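Presented below is the structure to which this report refers.
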Protein chains: 2
Amino acid sequence: MATTTSTTTPRERYRAQIRAEIKQHAWEQIATAGASALSLNAIAKQMGMSGPALYRYYLNRDELITELIRDAYRSLADAIRAASGPGTDLGVLAHALRRWALDDPQRYFLIYGTPIPGYHAPDDTTAIADEIMTALLDACPPALPDAPASPLEAHLEEHRAWAADHPAPAATLRRALSFWTRLHGVLSLELAGHFTGMEFDAALLFAAELDDLLADAGGPPGPR
Amino acid sequence: MATTTSTTTPRERYRAQIRAEIKQHAWEQIATAGASALSLNAIAKQMGMSGPALYRYYLNRDELITELIRDAYRSLADAIRAASGPGTDLGVLAHALRRWALDDPQRYFLIYGTPIPGYHAPDDTTAIADEIMTALLDACPPALPDAPASPLEAHLEEHRAWAADHPAPAATLRRALSFWTRLHGVLSLELAGHFTGMEFDAALLFAAELDDLLADAGGPPGPR
DNA sequence: TAGCTTTCGTGATAGCTTCTAACTGGAACA
DNA sequence: TGTTCCAGTTAGAAGCTATCACGAAAGCTA
């Protein structure tokens, strides 16, 4: 039996484990009380040690939250990539997104929720966001060549730096943006509970919006 | 010159003025640092009095925030109503919504941002939400009678308690929901800064989404 | 006008938070 | 077997929410 000889020192392994344990408790707190209620002190007590001990592992509360945001982004990108493939369409991606969001709403809001005015997301999250956008563009069906370019598409033709390394035409960029904003619109309101008073099934609204997005690709009229 | 004889006592008037002043400082704090950073202590100091004094005017921090949420809802409803009228279409409403949102992003997020798991919005906000939804339904163009009913519309036909006092058909309800979720999707991501990296103009995306919503009403194909 | 009552603002205090500083004990390493 | 490094401790500063008891001021009423 080959015990995997790691290149890390015992101290490093211990450190990594404690850091992971801290994050796990942090996620539990966030899921039940939201990110604003996250308390380093409470985490320390749950782990059976005194408050200041955690500062050996995270510089401060912000650094921990930043890492949680990074992990959330990473997790979303993984979920999207797991659903992506050579023949995937937007529908598969959409349902992967929805399942990921419903799986832990507060994790979703950590990325797409209320921004803190002063706070800036770490740089590597933009790389992950790019990765997600690329998967999205890949899944977009090829645009119809005969459709007239809208003002937005003309604008995107000249402002496509965010998709510079993707060959998709402006019509596809616009489709990807609509996919993103429309599904986020439904998901965000659903997760925030804005539909609770009304008795309809948010899943059907999500599906209908998705249908519209897919229908606009093929030939038929699309609206209803 | 008739000095308006008010029915309120001096004490009540003073109280109302201080409460308003507190709220004003609260809005400033929220605009610059977000709602989670709102500090009663800091407000008291800004007003030149000691911390506990504020508890004469608001039971606690939550009650102040609740009132701010109520005011935000009220303000949104007023903005929508001001834009509404006998002949208004969805476009006018959409731009009123967008202007209101851009005017104070944190106020928008106070309503539509990350929900606090434990917190429940006050009951009267649902009444205001209904008012907004009614204005929205009123502005929706009459649905085409020949369009086939989608699964969502069939579902809405049976779950329309939230629009019980409005004669609009299911197709219109679906249109209103799409209007809400799509525009919120664009606005929310724009205000949260998720478009900042990409260089395109969010206003054009908003306009394009609005065009799609309006086009689906009239006859022509709609997509592009 | 005089006195009573209500209410406003204060300082003190408890308990929570983040975060720093100094110290101790033990594990890893040479 | 030392020596070094680091984890975790307690103490403490500064901030927060929130409660309490007190004094003072303002309004209401006789």
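What you see is a predicted model; the values in this text were computed from it and never measured. All chains are named by letter (A, B, ...) in the order of the sequence lines, taking the proteins before the strands, and each is independently numbered beginning at 1.
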Going by side chain to side chain donor-acceptor pair (under 3.5 Å), name the residues that satisfy it together with Thr134(B), two or more places apart in sequence or in a different chain. none
d([atom1], [X]; [atom2], [N]) in whole Å:
X        : N       : atom1 : atom2 : answer
Leu40(B) : dT17(D) : CG    : P     : 5 Å
Glu21(A) : dA7(D)  : CD    : P     : 15 Å
Leu54(A) : dG8(D)  : CG    : P     : 9 Å
Asp62(B) : dC16(D) : CG    : C1'   : 14 Å
Lys45(B) : dA14(D) : NZ    : P     : 12 Å
Arg19(A) : dA7(D)  : CZ    : C1'   : 15 Å
Gln17(A) : dA7(D)  : CD    : C1'   : 14 Å
Glu12(B) : dC28(D) : CD    : C1'   : 13 Å

Which class fits the ring pair Phe200(A) and Phe195(A): parallel under 30°, tilted 30 to 60°, perpendicular over 60°? tilted
Who pairs with His166(A) by ring-ring contact (aromatic ring centres under 6.0 Å, His included), at least two apart in sequence or on another chain? none
Indicate, with a heavy-atom threshold strictly under 4.0 Å, whether [X] touches base, sugar-phosphate, or nothing.
X        : result
Arg61(B) : sugar-phosphate
Ser50(A) : base
Asn41(A) : base
Tyr57(A) : sugar-phosphate

Comparing Gly51(A) with Arg56(A), nearest DNA chain C nucleotide closer to 5' gives the residue Gly51(A)
So, under a plain 3.5 Å distance rule, would you say the side chain of Arg11(B) forms a donor-acceptor pair with the base of dA26(D)? yes
Start at the 5' end of DNA chain D and walk down; is the nucleotide closest to Tyr55(B) or to Arg15(A) reached first? Arg15(A)
Rounded to the nearest 0.5 Å, how far apart are OH of Tyr108(A) and CG of Leu97(A)? 6.0 Å
To the closest 0.5 Å, what do you measure between CD1 (Ile128(B)) and CG (Leu76(B))? 9.0 Å
Quiz question: by atom type and distance under 3.5 Å, do the side chains of Thr66(A) and Arg70(A) form a donor-acceptor pair? no
For Arg74(B), look at atom CZ and say whether over 12 heavy atoms of other residues, nucleotides or ligands are found less than 6.0 Å away. yes
I'd like the 5' and 3' limits of the part of DNA chain C contacted by chain A, with heavy-atom contacts below 4.0 Å. dT17(C) to dC29(C)
